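Both backbone and side-chain heavy atoms feed into the values below; hydrogens, waters and symmetry mates do not. Here the structure is a predicted model, which is why all the values come from computation and not from measurement.
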Amino acid sequence: MKYDPSAIEKKWQKRWLEEKTFAASTGSDKPKFYALVEFPYPSGQGLHVGHARPYTAMDVVARKKRMEGKNVLFPIGYDAFGLPTENYAIKNHIHPAKVTHDNIANFTNQLQMLGYSFDWDRVVNTTDPDYYKWTQWIFLQLYKHGLAYKTTMPVNWCTSCKCVLANEEVVEGVCERCGSPVIRKEKSQWMLKITEYAQRLIDDLDELDYIDRVKIQQKNWIGRSTGAEVDFPVTTGDSLTVFTTRCDTLFGATYMVVSPEHKLLEKWKDQIANWDEVTAYQAEAARKSDFERTELTADKEKTGVELQGVRAINPVNGKEIPIFISDYVLASYGTGAIMAVPAHDTRDWAFAKKFGCEIIEVVSGGEDVQKEAFTAKDDTGILVNSEFLNGLTVKEAIPAMTKWLEEKGIGREKVNYKLRDWVFSRQRYWGEPIPMVYCEKCGWQPISEDQLPLVLPEVESYEPTDDGESPLSKMTDWVTTTCPHCGGPARRETDTMPQWAGSSWYFLRYMDPDNHDALASKEALEYWSPVDWYNGGMEHTTLHLLYSRFWHKFLYDIGVVPTKEPYAKRTSHGMILGEGGEKMSKSRGNVINPNDVIAQYGADTMRTYIMFIGDFEKAAAWSDNAVKGCRRFLDRVWNLADQLTDSSDYTPANESAIHKAIKKVSDDIEALKFNTAIATLMALVNDFYANGCSKGDMRTLLLLLSPFAPHMAEELWESLGFNSDGMACQQAWPVYDESKTVASEVTLAVQVGGKLKTTIQVPVDSEQEAVLAAALADPKVAKLADGMELVKTILVKNKLVNLIFKPKA
RNA sequence: GCCGGUGUGAUGGAAUUGGUAGACGUGACGGACUCAAAAUCCGUUGGGCUAAUCCCCCGUGUGGGUUCGAGUCCCACCACCGGCACCA
């Protein structure tokens, strides 16, 4: 019979669904294993091949773990709030809930067509009020613990989405989602104090099994740096505090710079002689978009204005120095002010040259500081012109100066982070309403927990407004409410939460998706936590992954979840590119639709190919021809079933290869080396064709193949009558016998002087003497040995022997 | 600029982590089957030299080095990819 995937795939998908073959049971005695993939955003385009790669990979892992006797939780859901749906709804005048519902139906169908072993009874949907009730509940807990606050500050504003963005959502000055310019806008926003967790988010990475590039990227994003704060007296009578990592250079601080937004400026207003100039500069800085501010940062022309009539005093030498405002100093980092040491900082140097500030060398070891700043922080620099620090290296001078500052009470050690608090409001409709109410008398008040969920109301229009308010703000009867505290008139918050809210805790809901009394039961949380293996995209490293670690730590602190960290292991897959290596996009016309591949070759071919395509962690280009190769491989497996010998034992000629393949496939799946696991299976099938194949050979092959091509494996399993105790996916994973993987004889490479000359056959574990004799017996080696003296023999057991000769004296 | 990664046949990629470079797949070439094509099956396929699938030489971005032995380790460079970017 010819292999016809369209018939058999539906048959097995139906059966798995009906029998709930992959349902996880909370509390089972079997060891648990929680495998997680990032749930999709159900876009109108449907599932694309970029989803298939991580989903197939974790499906392979989940299927193998079940066969190894684990109670596996492998869930799926939908991260359905968000802008594309809202924009589609606006354009087509359909309610976003309806759009979401239809897209989810389409996604579900597509996911089932690929044969994924998800537990379909645990599907979550972030837009379901029963789900976002708990998203809102977590927000209220954050608020009650002082980690959510509303403040007015300059925020990133996407000009196209008409919505604020978190720092993490701004990439190179443009909107991460739509690519439009991001400007700075003063707005009152809900913020989450992720900075309070900065240190723990760094420290706890050490205990986690995350791939290194994820850890490094998160650490860099959090950006811890240790330095000191130093107070500079100012002629106005108050003092200006700066943060520096180079307090050793304090004697070289010849001027100061504050950011245009610095709050002391307003206070000094009356003493600043050129106030007009200052306000003009402030206005100009505020107008600049993030893109303009970040563009060409390295050699950007420095701008600024000197404050006339206000000067600072360098506390180490009493010298009076000027103060400038300049946008090269950021308001949001450190204290928003710096001491400038032009001799040893390239930015200060560039500014000093332009504005004619004094450049004083305080660390020797570089070139002429009038020509170039000397910034080395290692032992190459020796302090000069610095009184009590003279002669010390930079490394020695920093702690010495810190100690001195602390003793004098004018400075202190200080740690700073680049990480900013999380801007949590969005001026859009399709998101979770923020469950807060504003009362003129009582201020911001949380709504009572028994009022949750605060359901998103129906509105006439979902259009974002040009005044920067959420569409909800136009819903007068919804907005108007009473204060939960005093009962007086009050207004609801009309901003909604960002898309990252629902995805920050969804993995907890899978553990107990229908719970009405808690986000999940204690019992379920205890049983399933933490996620054992989470695979997802690198693009989420400093967004979703960081956010969810933060929420989880908070939930741990308030006793809701039992573990400090949500995910024990994190891996990441590379992108799937179009044929030729270009990014897949509609405009290039190189988008591969999984449905087409399934229709033409079958889901098993799609799965096998997407795993075989290349190194899982690297980007890989689609190739139609290579898909055919995988189909050919499956055809060969299928056809093998017609020519089996009857023995239930392994064919002797195949035995060693089978045991090696079991080991290789098992190890490779754990190590994300799916491509070589399939290569091993292909080679094994080639062996079976060469040596003949018994029923026993086939049985093991089908088990090893079943995670990759589960439909075919089940069909052959059944037709060959192996199914007396269940489906292939319910069998025990094959075990290999180490002793069977070694043959009695091995091929040994023979090198002379490190160069391969020939190979010889020797018994396994042969010792040097025997190997040497065999090697010298080889005519080729004998010829090379003629007239030579053997000076050294290196034997790598069962691998190679290297003979070093020198001419006989 | 800083941090991280990668560089291997025509091509996607292997290589037990210092031990026979090119597994497996694609493509190409030759053959079988066929009236023919497709499909399938068998063989060949890094380069040079050659009548030869004997020898020999070269070969993992470039140049050095360590080692009996280097794709793998060290130093310097080149190219590309990703992240961060005036973070004091």
In plain terms, say whether Glu306(A) and Lys354(A) are close enough for a salt bridge, that is, a side-chain N and a carboxylate O under 4.0 Å apart.
->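 Lys354(A) and Glu306(A): not salt-bridged.
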Using the [atom1] atoms only, state how far [M] lies from [N], rounded to an integer number of Å.
N	M	atom1	value
U62(B)	C24(B)	P	26 Å
G4(B)	C68(B)	C1'	35 Å
C81(B)	A70(B)	C1'	26 Å
A21(B)	A28(B)	C1'	22 Å
C3(B)	G25(B)	P	43 Å

Nearest listed nucleotide, side chain of [X], among [options]:
X	options	answer
Leu330(A)	A88(B), A85(B), U20(B)	A88(B)
Asn625(A)	U20(B), C58(B), U26(B)	U26(B)
Asp345(A)	C68(B), A23(B), A88(B)	A88(B)

What one-letter contact string describes nucleotides 4-19 of chain B from 5' to 3', where B marks a base within less than 4.0 Å of any protein heavy atom, S marks contact via sugar-phosphate atoms alone, and - marks no contact?
-> --------BSSSB--B
Do the side chain of Lys302(A) and the base of C86(B) come within less than 3.5 angstrom through a donor-acceptor pair of N or O atoms?
->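 A donor-acceptor contact between them is present.
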Using a heavy-atom cut-off of under 4.0 Å over every strand shown, decide if Lys780(A) touches base, sugar-phosphate, or nothing.
->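 Here Lys780(A) touches the backbone only, sparing every base.
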Judged by modelled atom types alone, do Asp348(A) and Tyr328(A) share a side-chain donor-acceptor pair under 3.5 Å?
->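 Asp348(A) vs Tyr328(A): donor-acceptor pair found between side chains.
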For the side chain of Thr254(A) and the backbone of Glu358(A), is there at least one donor-acceptor N/O pair under 3.5 Å apart?
->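 Pair found, side chain donor or acceptor close to backbone of Glu358(A).
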